[in-house]
Amino acid sequence: MNIAIIGTGYVGLVSGTCFAELGNDVICVDNNKEKIASLNKGVVPIYEPGLEELIRKNRRKNRLRFTSCIKEAVEKTKIIFIAVGTPPKLDGGADLRYIEQVSRDVARYMNNYKVVVEKSTVPVETNKWVKYIMRLNNHKIDFDVASNPEFLKEGSAISDFMNPDRVVLGVESERAKKLLLKLYKPLKAPIVVTNIQSAEIIKHASNSFLATKISFINSVANICEKVGADIEKVAEGMGLDKRIGSSFLNAGVGYGGSCFPKDVQAFVRIAERLGCRIDILKEVEKINKQQRKLIFSKIEKALWIINGKNIGVLGIAFKPNTDDIRSAPAIDIIKMLQGEGAKIRAYDPKAMEHAKKILPNVDFCKNSYDAARGADALVIMTEWDSFKKIDFAKMKKIMRHPIIIDARNMLDPKKMKKMGFNYTSVGRPGHEIL
Ligand code: UDX
Ligand code: UDX
């Protein structure tokens, strides 16, 4: 099938490449000409495991093309996915200006029937506006709007696309339904077909629910900490109940990334605009912010005075296996520490290029040991696999004081204590500093 994907960010690029891998002819469009030029040279602007190889393979087979010409992409394709950014506005609502811009452009260049699919996360009823704007700009050609939310986790986005738990299709015509069912048939995944409003809500509700799980377990972790209970055992004991499930019950510094923080806020705002309340999500957000303060206070407790101290930070990305630093907890923690006068040496396997642009006063190091050199304390902010393989005996010799604050519960507290570290993490017993 002929497909256009408008917006080659994380979601658009992964989706376009995977659709090509399934045998479709895909044109990826972006208004950022530099991005398109680099993609056309084979340079992939983001780090996502397996993506570069898959792009190379599908370009070679002529199933995947990159262009900044939206006209050409619209004219040559039948199904058009919109995957441009929907960033938060100051009030937390989703900024839909790019969706509007693209809807207008698509309408102008439509030469025959098209299905225009919302892939970006948008508030419920956005489809009505997309339809309205398209009709205003083209009242001659027939089209359908549909919603097909993405559930791609950065770091495992390709396997999430190829082996999804479910595909959600929000449609309102048989024609659009048939086309989209055909497109997704090769995945052999459960498909939920519903109306467009329901599909839009499924996305916001899913991400908000996952964020709720994280804030819930973080709140329980704080109780564990007070009484000597172990949050990992508590999560295991809860998660084995199939009704609860074990995933997204890892306590730590809280969630970051380009989706959860903005989607939780946007869901609250759209509910309010509709005259409803979903206050539980306000609490989820509040708890998530408190977790960052909790980690900061643990560092403060370990060092007493932060001013003038050297602090090594391991991990900047909002989670492992990505170079994405959007709403990364590490950024907030580093800024809080710098605000108190600490000197920061940091290392991340993939995210440093992005981090350099927004953290000018950090010493970026060539590896983990380098970040720990002369450190009064080491803070683990992202649980990269390579950090789990660090020789901590060596680390201890390099550091000025053997103090570790593990904001991701990555290491074994007993082992660290045995090695002579002053070690603390989140919601686990028997190893509190002081
Ligand atoms: C985006 C949305 O922000 C998110 O809500 C949704 O769930 C998936 O799509 P992401 O792919 O991470 O997420 O966004 P981003 O990395 O910002 O990429 C958006 C791309 O669209 C950028 O490359 C940008 O240049 C491009 N774009 C933006 C256009 O091509 N045209 C526009 O008018 C605006
Ligand atoms: C999310 C959704 O999971 C995905 O379906 C899609 O809608 C895009 O948004 P992503 O943001 O890439 O994916 O990563 P995810 O794995 O969901 O993690 C989000 C944040 O939650 C990360 O900062 C992660 O460290 C944190 N997290 C996750 C926890 O703190 N504890 C957990 O148990 C799980």
Side-chain angles (χ1 to χ4, degrees), residues 4-16 28-36 39 45-46 48 66-68 70 73 81-88 94-106 118-123 126 148-157 160-161 164-166 168 202-211 213-218 221 231 235 239 245-264 266 288 291 315 317-322 324-330 381-383 407-410 426:
I5 312 269
I6 304 176
T8 53
Y10 279 86
V11 171
L13 194 53
V14 170
S15 305
C28 288
V29 191
D30 205 289
N31 64 359
N32 180 337
K33 291 198 169 110
E34 273 173 40
K35 203 180 241 190
I36 292 298
L39 282 162
I46 53 168
E48 180 64 38
F66 299 104
T67 176
S68 44
I70 191 166
F81 286 89
I82 304 181
V84 295
T86 50
D95 184 345
L96 299 175
R97 74 178 78 176
Y98 306 118
I99 300 273
E100 193 209 48
Q101 174 69 50
V102 168
S103 308
R104 210 180 307 136
D105 289 346
V106 171
E118 301 167 346
K119 192 85 173 146
S120 303
T121 306
V122 290
T126 299
N148 169 223
E150 52 85 18
F151 302 102
L152 310 176
K153 298 187 295 300
E154 288 179 24
S156 58
D160 287 348
F161 187 100
D165 289 340
R166 80 302 204 187
V168 173
I202 287 171
K203 177 61 202 268
H204 262 163
S206 299
N207 273 4
S208 298
F209 189 78
L210 292 169
K213 267 186 117 174
I214 298 170
S215 281
F216 182 86
I217 205 68
N218 280 330
I231 191 59
S246 59
S247 53
F248 282 69
L249 288 182
N250 295 322
V253 65
Y255 58 78
S258 68
C259 288
F260 286 0
K262 99 174 153 56
D263 291 353
V264 166
N288 199 51
Q291 282 310 104
F318 81 99
K319 61 183 270 189
N321 296 321
T322 179
D324 198 342
I325 56 166
R326 290 180 282 182
S327 299
M381 289 304 307
T382 317
E383 68 280 32
R408 296 291 188 168
N409 288 356
M410 184 186 86
V426 181

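Model, not experiment: these values are computed from the prediction. Hydrogens, waters and symmetry mates are skipped; everything else that's a heavy atom, side chains included, is used. Indexing begins at 1, ligand by ligand and atom by atom, following the structure's order.
Per-residue contacts place Lys203 under 4.0 angstrom from the following atoms of ligand 2 (heavy atoms of the residue considered): 7 (O). The ligand atoms of ligand 1 that sit less than 4.0 angstrom from a heavy atom of Asn32 are 25 (O). Applying the 4.0 Å criterion to heavy atoms of Ala83 picks out, from ligand 1, the atoms 9 (O), 19 (C). Close approach of ligand 2 to Cys259 (heavy-atom distance below 4.0 Å) involves ligand atoms 8 (C), 9 (O). For ligand 2, the atoms lying closer than 4.0 Å to a non-hydrogen atom of Leu249 are 33 (O). The atoms of ligand 2 that sit less than 4.0 Å from any heavy atom of Arg408 are 25 (O), 30 (O).
Of the protein's non-hydrogen atoms, the one nearest atom 22 (C) of ligand 1 is Asp30 OD2, 3.4 Å. With hydrogens left out, the protein atom closest to atom 18 (O) of ligand 1 is Gly9 CA, 3.1 Å, a heavy atom. Summary of contacts: the protein heavy atom closest to atom 19 (C) of ligand 1 is Gly85 N, 3.5 Å.
Formation of a donor-acceptor pair under 3.5 Å by the Glu150 side chain with backbone atoms of Leu152 is found in this model.
Using 4.0 Å as the threshold, Arg97 has no heavy atom nearer than that to any atom of ligand 1. Using a non-hydrogen distance threshold of 4.0 Å, Ile6 does not register as a contact of ligand 1.
Remark: Phe216 CZ is loosely packed, at most 12 non-hydrogen atoms of other residues, nucleotides or ligands lying under 6.0 Å away.
Taking each of Asn207, Val84, Val11 in turn, the one with a heavy atom nearest to atom 2 (C) of ligand 1 proves to be Val84.
The residue Arg104 has no part lying near ligand 1, judged by heavy-atom distances below 4.0 Å.
When only interatomic distances are considered, the shortest N/O to N/O separation between Lys119 and ligand 1 does not fall below 3.5 Å.
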Side chain to side chain donor-acceptor pair (under 3.5 Å) evaluation trace for Ser206 with Arg166: CA-CA 12 Å; Ser206 299; Arg166 80 302 204 187; 3.3 Å; yes
